[in-house]
Amino acid sequence: MATGDRKRGGGKLASSVSEELTRRIAGGSLSPGAQLPPEPALAAELGVSRPTLREALRALQEQGLLTRTPGAGTFVTHRARLRNNLDVNFGVTDAIRAAGMEPASRDVRVERVSSTADEASQLALQEGDPLVAVDRVRTADGRAVVYSRDLFAASLADTARVRFSARDWAGSIYDLFQRKLGIAIHLGVATFLPLAAPKAVAARLGVARGALLLYLRQVDYAEDGRPVLYSHEYHLADAFEFTLVRRGPGRRAG
């Protein structure tokens, strides 16, 4: 098997094994505290040699996802997080897919509602104007990671004479806007806040009331500058890792 590993490229194969184990940890099939199977069994399951497996395990140890105890075995230390770069405006679907996991939606609810004063202000509408409200639980490899509520003017769909099907809400709302409404999202302005999970949100995500969440409130704008989408997202705090590029002040006079 080691010979086969060399033919397929040992380094690349070890990276693939690391990615597969990371997906299992992030998806919950390997939870914090869980012990990995013995090396011979795990290598056979993954179809690689033990040296390749050890290389992959070392990489996960360096990331802090695994710890190895001589005489006891290899254990998961914490759940892997989905990485999301804050200086790039992309949605939950893309964040999950970039982590090598399968995005999906469940518990989808779509309704027409009257806009509140805040919603109307954010979307440049009149209070009481009709909105389409889409509530969804977003999943990564079947694990609930985000509860979202997206709102947009019902007039956008009415003007385009568009009817939505249940399947339309399974993926990225940005893709849906471009495909169905002909609107490309140009930029988004977001606010992030730590939040203790309210009862209703906790129930949708399957966590305890008061669990730590990262709440994101965002307004997205079309290329012509119109605000077209107002979103509320409740992210599991242990499911995502956010990064931000911070540019230096550059040269200063004097």
Side-chain angles (χ1 to χ4, degrees), residues 1-86 88 90-107 137-147 170-172 197 202 204-208 211-214 234-243:
M1 193 173 293
T3 302
D5 284 0
R6 286 195 294 271
K7 288 181 179 179
R8 285 182 284 174
K12 290 183 179 179
L13 190 57
S15 294
S16 296
V17 172
S18 294
E19 290 171 4
E20 170 60 23
L21 292 174
T22 299
R23 281 195 290 269
R24 295 185 186 186
I25 295 169
S29 59
L30 286 173
S31 57
Q35 182 177 6
L36 268 60
E39 279 188 8
L42 187 56
E45 177 190 343
L46 295 170
V48 297
S49 68
R50 291 180 67 180
T52 296
L53 175 63
R54 289 186 187 126
E55 183 179 345
L57 295 179
R58 275 195 299 271
L60 296 182
Q61 279 183 271
E62 291 173 359
Q63 296 174 38
L65 295 178
L66 298 177
T67 182
R68 304 187 77 180
T69 304
T74 303
F75 299 85
V76 178
T77 55
H78 67 271
R79 192 182 298 280
R81 297 179 177 183
L82 304 177
R83 294 184 177 179
N84 201 344
N85 192 343
L86 293 182
V88 178
F90 57 85
V92 174
T93 297
D94 289 332
I96 294 170
R97 194 169 281 135
M101 289 182 279
E102 184 64 29
S105 297
R106 71 185 190 208
D107 301 335
V137 174
R138 316 303 299 280
T139 64
D141 281 353
R143 179 198 175 203
V145 292
V146 177
Y147 165 60
S172 167
R204 297 294 294 274
L205 287 171
V207 298
L212 180 62
L213 303 176
L214 182 63
Y234 302 84
H235 296 241
L236 291 187
D238 70 344
F240 287 84
E241 176 182 297
F242 291 91
T243 61

Do you know which two heavy atoms are closest between [X] and [Y], and how far apart they sit?
X	Y	result
L205	Y147	CD2-N, 3.6 Å
R204	D107	NH2-O, 2.7 Å
A56	V17	CB-CG1, 3.6 Å
S105	A170	OG-O, 3.1 Å
G142	R106	O-NH1, 3.4 Å
A202	A197	CB-CB, 4.0 Å

Are [X] and [Y] packed together at the side-chain level, in the sense that at least one heavy-atom pair is separated by less than 4.5 angstrom?
X	Y	value
L53	L42	yes
T139	V145	no
L46	E20	yes

Would you give the length of the straight line joining atom [atom1] of [X] to atom [atom2] of [Y], rounded to the nearest 0.5 angstrom?
X	Y	atom1	atom2	answer
R50	L57	CZ	CG	11.0 Å
R68	Q61	CZ	CD	5.5 Å
T74	L36	OG1	CG	6.0 Å
R138	S172	CZ	OG	7.5 Å
S18	E55	OG	CD	7.5 Å

Residues E102 and R143 bridged, charged N to O under 4.0 Å
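Judged by the 4.0 Å cut-off on N to carboxylate O distance, E102 and R143 do not form a salt bridge.
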Among L212, V146, L213, the one residue meeting side-chain contact (heavy atoms from CB on, under 4.5 Å) with L236:
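The side-chain contact (heavy atoms from CB on, under 4.5 Å) with L236 is passed solely by L213 among L212, V146, L213.
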